[in-house]
Asker: 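Input: one structure, supplied below.
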Amino acid sequence: MPEIDIEFYRGKDEEAFLTAWEEQHGTLSDEEIDQLYTDIAQAIDHQVKSGEHELGKVFEYKSVPVGKSDYNTFHGLYLFEQA
C-alpha cells in the first residue's frame, strides 16, 4: 500500500493549524508532529474514500480544522489551506 502524506500550501497554513492544535491538545515534539500528520493523512484518506469527506471542504481532525482539502495525484498527497 503506498504511503499517504499531507502538506500545507503555505507555512502560515501549517502554523495556524499547529497553533490551534496545541491550544486544544498541548505542545508536540517534532516526532509527535510527524505522527500527527501521519494520523491525519490516514484519517482523511479513509474519509474521502468512504464518502465521509468531500475534497474542497474544510477537514477537521479531532475537532481542530486542518484546512480546506485538496489532493495532488502526481505526488500522492493531501494538501491543506486555511479557509
Asker: Can you list the residues that meet the side-chain hydrogen bond (donor to acceptor under 3.5 Å, both in side chains) rule with Glu54, with sequence neighbours excluded?
Answerer: none
Asker: Which heavy-atom pair separates His46 from Glu52 by the least distance, and what is that distance?
Answerer: NE2-OE2, 3.6 Å
Asker: Nearest 0.5 Å, what's the CD1-CG distance between Ile6 and Asn72?
Answerer: 14.0 Å
Asker: State which residues pass side-chain contact (heavy atoms from CB on, under 4.5 Å) with Val48; sequence neighbours excluded, sorted by chain then number.
Answerer: Ile44, His53, Leu55, Tyr78
Asker: Might you point out which heavy atoms bring Glu22 and Leu28 nearest each other, and give the distance in Å?
Answerer: OE2-N, 3.5 Å
Asker: Are Trp21 and Ile40 close enough that some pair of their side-chain heavy atoms sits under 4.5 Å apart?
Answerer: no
Asker: Measuring from atom NZ of Lys68 to atom CD of Gln82, what distance do you get when rounded to the nearest 0.5 angstrom?
Answerer: 11.5 Å
Asker: Shared ILVMFWY cluster between Phe80 and Val64, side chains joined below 4.5 angstrom?
Answerer: yes
Asker: Using the side-chain hydrogen bond (donor to acceptor under 3.5 Å, both in side chains) criterion, which residues pair with Gln42? Sequence neighbours excluded.
Answerer: none
Asker: If Ile, Leu, Val, Met, Phe, Trp and Tyr residues are connected whenever their side-chain heavy atoms lie under 4.5 Å apart, and connections chain through other members, are Ile4 and Ile33 in the same group?
Answerer: yes
Asker: Quick one: list whatever passes side-chain hydrogen bond (donor to acceptor under 3.5 Å, both in side chains) with Tyr61, sequence neighbours left out.
Answerer: none
Asker: Going by salt bridge (charged side-chain N to carboxylate O under 4.0 Å, His left out), name the residues that satisfy it together with Lys49, two or more places apart in sequence or in a different chain.
Answerer: Asp45
Asker: Got Phe17 and Phe8 here, is their nearest side-chain heavy-atom distance under 4.5 Å?
Answerer: yes
Asker: Please tell me if the side chains of Tyr37 and Glu14 come closer than 4.5 Å, counting only heavy atoms from C-beta onward.
Answerer: yes
Asker: Roughly how far, to the nearest 0.5 Å, is CG of Leu18 from CG of Asp13?
Answerer: 11.0 Å
Asker: Name all residues meeting the side-chain hydrogen bond (donor to acceptor under 3.5 Å, both in side chains) criterion together with Glu81; count only those two or more places apart in sequence or in a different chain, and write none if there are none.
Answerer: Arg10
Asker: Give the cluster check for Tyr71 versus Val58: same hydrophobic cluster or not, with ILVMFWY residues linked at side-chain heavy-atom distances below 4.5 Å.
Answerer: no
